[in-house]
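A quick write-up on the structure given underneath.
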2 protein chains.
Amino acid sequence: MVRIKEIPAPAVRRLSLYLRHVELLSGRGERTVSSRQLGEALGLTGAQVRKDLSHLGSLGHPGIGYRVDELIVRVRRILGTDTSRNVLLVGAGNLGRALVSHRGFAKKGFHVVAVFDDDERVVGSTLDGAAHLVVRPMIELADTVRKKNIRMAILAVPGESAQSVAEQLWEVGVGGILNFAPVTLRHVDCAIAAVDLAVHLEQLSFRLGNSRVG
Amino acid sequence: MVRIKEIPAPAVRRLSLYLRHVELLSGRGERTVSSRQLGEALGLTGAQVRKDLSHLGSLGHPGIGYRVDELIVRVRRILGTDTSRNVLLVGAGNLGRALVSHRGFAKKGFHVVAVFDDDERVVGSTLDGAAHLVVRPMIELADTVRKKNIRMAILAVPGESAQSVAEQLWEVGVGGILNFAPVTLRHVDCAIAAVDLAVHLEQLSFRLGNSRVG
DNA sequence: TTTTGTGAATTGCTTCACAGCA
DNA sequence: TGCTGTGAAGCAATTCACAAAA
């Protein structure tokens, strides 16, 4: 069987950034962009950009650069954002509520269509700025995932419950989890993206402590 | 001149995760942990853990493992979180407000001590759950940074204003920016950590589209 | 000219495997 | 025996540099 060459993980991460910038250029009416310009905008070399984009197949035009509309279509298809997706949220705390109304998700075609929490003080309440969403108890998870064809979840619960909720998500067939809880999720065979907000500040702190910045 | 060996960036990222897990173990009353156990908890090999920790100097005890209290002290010192730090927030929107009350920051010793926004509809208002914080106009930025000895900022403004705000932060002497805006910040000589929430969902989407997950 | 795509060279990270200590 | 620290090997990613296309 012919296997499509794997795209290296660091390259996939950068694809999102290329897309983001090229969408910006498109909004400004730009028609083409060179690897050099794209790199410049993101703090990368042109060679890096070309190598990354070469994974999508031959797409650039020698002497011209890349056509922004072609690039957008191609990268979206690879990332799977050429079509919109339903997403669910578990954890209706401060962070969870902010994420539901985050405009960046909708802009990329991710729609939060269900919210779950097991705290009976919030179950049944609606969310500010998203009044169509009522917080549901976890017991309804399986049902909703099936009915709304949900494959991705945002996990914004306390660290103590994160592992257990992740296992529930996996059991009902969710294939990808964006985890905001400060724990490493184990033994769930999903794609997992972890965002520990405090860890990011910690990383900045490290770089401040060891730098010639300033 | 003798130069301290640089710690590779991927190793520094993992140090935060080691610390997080070892703090958990400490809370459970564990006294020691082996590289194997630590790796197991984070999905890494023991060799990886040992190599990473070897950058901190010889710290483990052959036949025993690592003592959790020693490890905590040592990693915190390297990351610069052995002492607490004042942080400011720019952007009092939904996300910004959620971040101010994020308990994970305080747990790691990061205290949001000032909030700025240039929308006159929010300047002067206080934040739920943090009533001591009044939203200030950007004009007061320089003054506050100096008075409160602030070196790190959280940037939660719309993409359109992010670059300009970042430049202001840099000009008043902020050395590290945690950027939630969906743009790449350029021409500011600060340490920058970027968290584009939509990009993380996009990465999950990619992995779902190309996987044997499930 | 300008700019791509890509092998080759290089750099950097991870894994291996084992000597040495407790 | 159990476990660390670390050179050496292996693997992966980045950068170089240039032929080819417009």
Side-chain angles (χ1 to χ4, degrees), chain A residues 3-18 21-22 25 30-72 74-75 78 184 203 206-207 210, chain B residues 3-18 21-22 25 30-75 78 184 203 206-207:
Chain A
R3 225 203 186 295
I4 307 265
K5 241 261 257 54
E6 286 295 336
I7 306 178
V12 176
R13 277 196 294 277
R14 287 187 297 265
L15 284 182
S16 282
L17 305 184
Y18 299 149
H21 188 71
V22 170
L25 294 179
E30 303 284 338
R31 309 296 283 272
T32 66
V33 64
S34 70
S35 59
R36 170 93 104 83
Q37 294 169 322
L38 201 38
E40 167 75 15
L42 302 179
L44 306 167
T45 66
Q48 175 84 81
V49 173
R50 290 197 300 281
K51 182 72 88 183
D52 287 344
L53 294 181
S54 75
H55 293 114
L56 310 183
S58 208
L59 177 57
H61 304 274
I64 304 291
Y66 300 84
R67 290 201 224 285
V68 304
D69 50 359
E70 288 175 359
L71 198 45
I72 289 174
R74 204 61 162 275
V75 178
I78 284 282
T184 301
Q203 294 287 308
F206 169 81
R207 293 204 267 155
N210 294 279
Chain B
R3 225 204 187 295
I4 308 264
K5 243 264 251 55
E6 285 295 337
I7 306 177
V12 176
R13 277 195 293 277
R14 286 187 298 265
L15 285 182
S16 283
L17 304 184
Y18 299 148
H21 188 71
V22 171
L25 295 179
E30 302 284 336
R31 309 297 282 271
T32 66
V33 64
S34 71
S35 59
R36 169 93 105 83
Q37 294 169 322
L38 200 38
E40 168 75 15
L42 303 180
L44 305 167
T45 65
Q48 176 84 81
V49 173
R50 290 198 300 281
K51 184 71 88 178
D52 287 343
L53 294 181
S54 75
H55 295 298
L56 310 184
S58 209
L59 177 58
H61 303 274
I64 303 291
Y66 300 84
R67 290 201 224 284
V68 305
D69 51 358
E70 289 176 359
L71 198 44
I72 289 173
V73 166
R74 205 59 164 275
V75 177
I78 283 282
T184 301
Q203 295 286 309
F206 170 82
R207 292 204 267 156

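Note that this is a predicted model, so its numbers are computed, not measured. Throughout, a chain's letter reflects where its sequence line sits, starting with A, and its residues are numbered from 1.
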Nucleotide nearest A/S35 when distance is taken to its side chain, options C/dT4, C/dT14, D/dT4: C/dT4

Judged by atom type as modelled, is there a donor-acceptor pair below 3.5 Å linking the side chain of A/Q48 to the main-chain atoms of A/T45? no

Using whole Å, report how far [atom1] of [X] lies from [atom2] of [N].
X     : N      : atom1 : atom2 : answer
A/L53 : C/dT4  : CG    : C1'   : 11 Å
B/I7  : D/dG5  : CD1   : P     : 14 Å
B/L38 : D/dT4  : CG    : C1'   : 13 Å
B/R67 : D/dT4  : CZ    : P     : 12 Å
A/L44 : D/dC16 : CG    : C1'   : 16 Å
A/E40 : C/dT3  : CD    : P     : 13 Å
B/H55 : D/dG7  : NE2   : P     : 12 Å

Residues in side-chain hydrogen bond (donor to acceptor under 3.5 Å, both in side chains) with [X], at least two apart?
X     : result
B/R50 : B/S35
A/S16 : B/E202, B/Q203
B/S54 : none

With a cut-off of 3.5 Å and sequence neighbours excluded, list every side-chain donor-acceptor pair involving residues 64-73 of chain B.
residue	atom	partner	partner atom	Å
B/E70	OE1	B/H61	NE2	3.0

OG1 (B/T32) and CG (B/L25) are apart, to the nearest 0.5 Å, by 9.5 Å

If you compare every side-chain N and O of A/Y66 against the phosphate oxygens of C/dG5 (OP1, OP2), does one of them come in below 4.0 Å? yes

Between B/Q48 and C/dT15, does any side-chain N or O lie under 4.0 Å from OP1 or OP2? yes

Identify all pairs in which a protein N or O lies below 3.5 Å from an N or O of nucleotides 6-12 of chain C, and state each distance.
residue	atom	partner	partner atom	Å
C/dG7	O6	A/K51	NZ	3.4

Please evaluate residues B/L42 and B/H21 with respect to the criterion side chain to side chain contact (heavy atoms under 4.5 Å, CB included), reporting the C-alpha separation (whole Å), side-chain torsions for both, the decisive distance (0.1 Å), and the verdict. CA-CA 8 Å; B/L42 303 180; B/H21 188 71; 4.3 Å; yes

Contact list (N/O, under 3.5 angstrom) for nucleotides 20-22 of chain D vs protein:
residue	atom	partner	partner atom	Å
D/dA22	O4'	A/P62	O	3.2

If the condition is salt bridge (Lys or Arg N to Asp or Glu O under 4.0 Å), which residues does A/R14 pass it with, not counting sequence neighbours? A/D52

With sequence neighbours excluded, residues passing side-chain contact (heavy atoms from CB on, under 4.5 Å) with A/P62: none

Would you mind classifying the nucleic acid contact of A/L59 as base, sugar-phosphate or nothing, using non-hydrogen atoms under 4.0 angstrom? sugar-phosphate

